[in-house]
Number of protein chains: 2
Amino acid sequence: MARSPTTSDVFNAVAEVQRRQILTLLAGSELSVNDLAERLELRQPAVSKHLRVLKEVELVQVRGVGQQRLYSLNAAALKPINDWASTFQSLWTGRLDRLEAHLAEMSAQQQGEDL
Amino acid sequence: MARSPTTSDVFNAVAEVQRRQILTLLAGSELSVNDLAERLELRQPAVSKHLRVLKEVELVQVRGVGQQRLYSLNAAALKPINDWASTFQSLWTGRLDRLEAHLAEMSAQQQGEDL
DNA sequence: CTATTATATTCCCATATCGGAATATAAATC
DNA sequence: GATTTATATTCCGATATGGGAATATAATAG
């Protein structure tokens with residue numbers, strides 16, 4: 001099996017730096033492909049391709065305004081990432097919750113064991 | 001330029017489903033490669049490779065216990081993802097904060113413009 | 001030293017990428 | 001309709017993947 005397509009889910013879509021950058025830019029305002037290309041210092045086709053990926057996973061939407069196509073962010077599509085990462089939040093903040101036990105065990109084990 | 005290596009950053013490392021799964025499993029307790037292979041229904045070498053990636057981006061740590069190597073989660077390495085995703089949080093929750101203005105502009109524009 | 005067990009590495013292949021160049025399509029303007 | 005402007009698509013190449021099979025390495029037990 002090969003690497004999962006970038007369009008397979010939001011995690012894959014967002015793995016690419018430029019695409020994350022695009023989302024950040026779109027958080028400020030809706031922009032056209034050329035707007036984005038200029039700010040990212042990429043050629044227009046490259047940006048079009050990134051936008052295609054982002055659109056397929058519903059991270060962006062387009063609306064046509066005359067000759068232009070204005071892309072805007074659909075931040076809600078990022079929720080799965082936030083949700084997933086939040087799952088682990090207690091593990092790096094002070095609150096250890098259910099992990100407390102596990103960590104306690106580990107350090108106890110380490111002391112009891114050899115080293 | 002080709003796709004970024006999975007080891008280039010946490011976002012790329014976490015793009016792969018099996019690797020996310022591994023992190024989830026390790027959140028429960030430290031596990032050996034074979035433990036993981038069994039639960040993921042993957043062959044041991046496949047899991048070893050995933051762990052290598054996760055280790056390179058510091059998402060996991062190993063400690064040798066005799067013949068075994070026990071992998072554990074380093075949740076702190078996920079913080080960048082959480083931080084990044086959180087940036088957009090206001091856009092999908094009720095609180096619009098600084099984006100309020102932007103959205104207001106947009107809808108105003110849409111009404112004022114043609115459609 | 002020779003199993004045996006646990007893990008890592010190498011080799012392979014099908015697949016997909018990202019970007020640039022060139023080209024096609026779309027929409028507005030003359 | 002021809003031209004200009006904005007965008008999308010196609011073709012290409014270098015690169016990397018993820019998994020299996022086979023093999024190498026590590027560590028413990030006999």
Side-chain angles (χ1 to χ4, degrees), chain A residues 1-23 25-26 30-57 59-72 113-115, chain B residues 1-23 25-26 30-57 59-72 113-115:
Chain A
M1 196 179 289
R3 196 171 188 175
S4 290
T6 54
T7 53
S8 56
D9 62 43
V10 186
F11 287 91
N12 278 280
V14 154
E16 166 66 45
V17 196
Q18 307 284 16
R19 282 195 289 266
R20 287 201 300 279
Q21 198 58 43
I22 288 176
L23 296 181
L25 289 169
L26 291 183
E30 54 179 2
L31 293 169
S32 72
V33 179
N34 278 320
D35 288 343
L36 287 165
E38 199 176 333
R39 301 180 199 214
L40 295 171
E41 302 190 31
L42 276 180
R43 305 297 154 84
Q44 170 264 313
V47 179
S48 273
K49 286 174 217 165
H50 283 312
L51 287 170
R52 193 188 209 293
V53 172
L54 293 174
K55 194 168 44 178
E56 276 195 57
V57 297
L59 273 166
V60 302
Q61 304 146 323
V62 216
R63 71 178 178 111
V65 174
Q67 209 167 351
Q68 267 188 322
R69 319 208 65 209
L70 295 183
Y71 284 85
S72 58
E113 212 90 26
D114 29 357
L115 189 263
Chain B
M1 194 180 289
R3 197 171 187 174
S4 289
T6 54
T7 53
S8 55
D9 62 45
V10 186
F11 286 91
N12 278 281
V14 154
E16 166 66 43
V17 196
Q18 309 284 15
R19 281 194 290 267
R20 286 202 300 279
Q21 198 58 43
I22 288 176
L23 296 181
L25 288 169
L26 292 182
E30 54 180 1
L31 293 169
S32 72
V33 180
N34 279 320
D35 287 343
L36 288 166
E38 198 176 333
R39 302 181 198 213
L40 295 172
E41 301 189 30
L42 275 180
R43 306 296 154 83
Q44 170 264 312
V47 179
S48 273
K49 286 174 217 165
H50 283 312
L51 287 169
R52 195 189 207 292
V53 172
L54 293 173
K55 194 168 45 180
E56 276 194 56
V57 297
L59 273 166
V60 302
Q61 305 147 323
V62 216
R63 74 181 176 108
V65 173
Q67 209 167 350
Q68 267 188 321
R69 320 208 65 209
L70 295 184
Y71 284 85
S72 57
E113 212 89 27
D114 27 356
L115 189 261

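Keep in mind that the numbers below use all heavy atoms, side chains included, and drop hydrogens, waters and symmetry copies. Each chain gets a letter, A, B and so on, in the order the sequences are listed, and its residues count up from 1. Model, not experiment: these values are computed from the prediction.
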Separation between CZ of B:R20 and CG of B:L25, rounded to the nearest 0.5 Å: 13.0 Å
A:R43 side chain, from C-beta outward: closest of C:dA8, C:dG20, D:dT4: C:dG20
Steps toward side-chain contact (heavy atoms from CB on, under 4.5 Å) verdict (B:L36, B:L51): CA-CA 10 Å; B:L36 288 166; B:L51 287 169; 4.0 Å; yes
Could you check which of D:dA22, C:dG19, D:dG19 has an atom nearest any side-chain atom of A:H50? C:dG19
Side-chain N,O (A:S4) to OP1/OP2 (D:dG18) below 4.0 Å: no
Rounded to the nearest angstrom, tell me the gap between atom CE in A:M1 and atom P in D:dG20. 8 Å
Side chain of A:N34, heavy atoms from C-beta onward: which of C:dT5, D:dA6, C:dA8 has the nearest atom to it? D:dA6
Could you check how far CD of B:Q68 sits from P of D:dT28, rounded to whole Å? 11 Å
Would you kindly give the CD-to-P distance between B:E56 and C:dA8, to the nearest whole Å? 13 Å
Which nucleotide sits closest to the side chain of B:A2: D:dT9, D:dT17, D:dT15? D:dT15
Considering just the side-chain nitrogens and oxygens of A:Y71, establish if one lies under 4.0 Å of OP1 or OP2 belonging to D:dA8. yes
Measuring to OP1 and OP2 of C:dC18, would you say a side-chain N or O of A:R19 lies under 4.0 angstrom away? yes
Under 4.0 Å between a Lys/Arg side-chain N and an Asp/Glu carboxylate O for B:R52 and B:E56? yes
Per A:E16 side chain, nearest of listed nucleotides D:dT17, D:dT7, C:dG19: C:dG19
When you get a sec, tell me which of D:dG19, C:dG20, D:dT5 is the closest nucleotide to the side chain of A:L42? C:dG20
Note, A:V14 side chain near A:R19 side chain (heavy atom, < 4.5 Å): no
In terms of side-chain heavy atoms of A:S48, which of D:dG20, C:dT17, D:dA8 is nearest? D:dA8
What is the distance from CG of A:L54 to C1' of C:dC18, rounded to the nearest Å? 14 Å
Could one point to a donor on the side chain of A:Q44 or the base of D:dA8 with an acceptor on the other under 3.5 Å away? yes
Step-by-step side-chain contact (heavy atoms from CB on, under 4.5 Å) determination, B:V60 to B:L26: CA-CA 9 Å; B:V60 302; B:L26 292 182; 3.6 Å; yes
Checking contacts here: which listed nucleotide (D:dG20, C:dT9, C:dC18) is nearest the side-chain heavy atoms of B:R52? C:dT9
Between D:dG18 (C1') and B:R3 (CZ): distance, integer Å: 11 Å
Side chain of B:K49: nearest nucleotide among D:dT17, D:dA26, D:dG19? D:dG19
Starting at atom CD of B:Q67, determine the distance to atom P of C:dA3, rounded to an integer number of angstrom. 16 Å
Side chain proximity check, B:L23 to B:L59, heavy atoms < 4.5 angstrom: yes
Send over the distance from A:N12 CG to D:dA16 C1', rounded to a whole Å. 14 Å
Without decimals, in angstroms, what is the distance between B:L51 CG and C:dT7 P? 10 Å
Check every atom of D:dT7, C:dA8, C:dC18 against the side chain of A:T6 and return the nucleotide holding the closest atom. C:dC18
